[in-house]
Amino acid sequence: MSATLDQYVGKRWRKPHFITSPGWRWGLIIASVIYLVLAFASVEINWSRVYRGLSRGWEFIVGFANPDFVSRWSDISSGMAESVVMTVASTVVGIALSIPVALGAARNIAPLPVYLVCRAIIALSRALNEIIVAIILVAILGFGPLAGFITLSFATIGFLAKLLAEDIEDMQKAQAEAVKATGAKWMQWVNYGVQPQVMPRLVGLSMYRLDINFRESAVLGLVGAGGIGATLNTAFDRYEFDSVAAILIIIIVSVMVLEYLSGIIRARMK
Amino acid sequence: MPIIEKSGVKAWQVRDRNSQLIRWAMWLLGTMAFVFSWKVISDNTQWAIMGNIGAVTMDIGGRAMPPRWSYMDQLWLPIWDTLNIATLGTLFALIMAVPVAFLAASNTTPSRLFVRPIALLIIVSTRSVNSLIWALLLVSIVGPGVFAGLIAISIRSIGFCAKLLYEAIEEIDETQVEAIRATGASGWQVMVYGIVPQILPAFAGIAVFRWDINIRESTVLGLVGAGGIGLQLQSSLNVLAWPQVSLILLVILLAVVIGEFVSAKVRGAII
Amino acid sequence: MLKLEKLTKVYNTGDKALSGVDLEVGKGQVIALIGPSGAGKSTLIRCVNRLVQPTSGRAILDGVDITALGAGGLRRERRRMGMIFQEYALVERLSVMENVLSGRLGYVGFWRSFLRKFPQSDVDEAYRLLDRVGLLHMADKRADARSGGQRQRVGIARALIQDPTLLLVDEPTASLDPKTSREIMRLIVEMCRERELATIINIHDVNLAKMFVQRVVGLEAGRIVFDGAPDELVPDVLTRIYGEEDWEATIETVDDADEENDEAGK
């Protein structure tokens, strides 16, 4: 033992590097530094414009201190109502559509062609930003909440079906097989063998998605797809920062309440 | 398992009467909410013009194809800007999220009564507001351009990163921290040796995760004037240049897919 | 050496974990602290280095009243008190070497420790200790990839690199198998003798305690109910500490043959 100890004692100790090959390590460090320098250099900042804007920033902060709910209340309330309506409808429809897609996208219960189709739907829905989908739909369907509703429903599929499909793939085979062994039909098998295992997660994810859909519905109005976003956009255009502050406060408080409620429901489902 | 008596025969039923009733009430309420919501949406829709949706779609689709490939020359710079908004925005957000997370975590906060609520308020308010709204606000403050988008993405990401990070901090193993403290280490040393190593994997995961999301979000910031490829999308839409729109959408789709691929690779390498 | 005077701890919940404990441990003396779960063993040693704040009473180490120290003074005194934990309490994601060197944190400034630039004498001592506990070749491996016995050896090295005068050991063998438990206990006791450390070992396994120490202290409901040599632990005494049980039957299980095999295998 002490023969090897002699090799160690007196030698400097350094923490082994996370990336062991020095070539890679230095390459990565240099590349990152070059990138950062170039990136920062390419960001143009018009300081005089920023300086002039500071007074507006201050106005906005002041607006937060005394938000104006009153003067645009009719716009705000109708915008909020539309956002809520879009959120509820799209979440319900989104969940209803997600369940068959999720079943199809779970490799352990779906045949390969169905699996590929469902996975493609999910991938498409996830890759397309809500705003972009909304733009296209507004172009096709015209302004109004219908475009927003379809956008959110479609986005819900990508989110919910993916996570649900992963959950179904992770479920315990033994339980599902036990049901199959009783001679159950496919529907019965899903109902008794699969559903009970993934149900709590489905409820939790649905609540979470309701939360996300509400937040998203607040911006869809910016591109004309209905909801509070349109009201917000108008307020910004008129530089009515006190109304802006009022709308933002309403959004933040609603999100907090929704998050709190979904937390309670998710905790009770466990 | 409740058993009820039905015409003299005991039958088994999953739930007892009350919870059955509550379930039905919930379903009824949910259905009513949905039907009402649908009615509102339907009332606000001009169904008359929906008859020729097919034609409109075909028309736009026809005009959009094929994409105008030559327009690509004008897209390289916006793509570079978009990447910078996402990357630098994530970087700034992380720098600011770390102290906020430490102030918000109940086991590291200096004061539960004063500091923690403020940190939590920062987290909630920054993450409840979509980055597009932040961009709208910043464009009116600092003027249109990449800088506004960069700050919008940073602010939006602070709350997101700080929330996940402070949850990770609250889940650390306290005995490891205690062991470092027992050696006579100072407060900062306890932080660096006892806490940081435990949350480092979570931190790396959060960073990559948020970067991936920010790539997606930065592609549309241009719609409100906050720089990046969204600007080109907006101007093309305004002049109904559908072949350019289709090219930009393809580029965005590709960027998102590459972003997801890179983040998955990096996450795999770290964890 | 270490002297506890009327040490008392009442938790916020109102639970009285320690009530007026008086105890003296001399230089080089290893004592085993036995007692049922919840008797206050863990609280007692944590009150000494003030990981738990005692409610009243004093803990005096070499004339220094630890209970009266401010934050800076406490940190300085903690350097002289090594501690070994029940579930090892290694920082899992750091390497074995970093875990050992973390024992020197009290002596090294923040930036040196942050940059892992420990003095060469500390590094040499870490290597010597790792060699002593038989883990020299694992210095740069991650701590969480080690077996329970190996992790506890790292924990021992971390405590001893502090160059302590007092060693506090909290259930060192609770999560180890019987053979490893004995190896770890033997290692701790040997190293305490070599360095003449005053040592308190919390241990719930009476037989293991009797095998390795000369002095046993029994704690029950926060009070010392026994203080003497291991062979004074007659069934009556055990009943006083733990409650009614057929002590003769359990004592029979001390397996000396196994013990000798262990020695031969070394």
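In this text the structure is predicted, and so the values were computed from the model without any measurement. We name chains A, B, ... by the order of the sequence lines, and we start the count at 1 in each one.
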Check each atom of [X] against the heavy atoms of chain B and say whether the ones under 4.5 Å are side chain, backbone, both or neither.
X	value
Leu124(A)	neither
Val223(A)	side chain
Val255(A)	side chain
Ile131(A)	side chain
Ile249(A)	neither
Phe241(A)	side chain

Under 4.5 Å, heavy atom to heavy atom: which of [range] reach chain A? Give them by number, or say none.
range	value
residues 253-260 of chain B	Leu253(B), Val256(B), Glu260(B)
residues 241-250 of chain B	Trp242(B), Leu249(B)
residues 226-239 of chain B	Leu233(B), Leu237(B)

Any side-chain hydrogen bond (donor to acceptor under 3.5 Å, both in side chains) pairs touching residues 128-142 of chain A, not counting sequence neighbours?
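For residues 128-142 of chain A: Glu130(A)-Arg209(A).
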Do Ile213(B) and Phe160(B) have side-chain heavy atoms sitting under 4.5 Å apart?
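In short, these two side chains touch, coming nearer than 4.5 Å.
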Segment of Leu77(B) engaging chain A (4.5 angstrom heavy-atom cut-off)
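No part of Leu77(B) comes within 4.5 Å of chain A.
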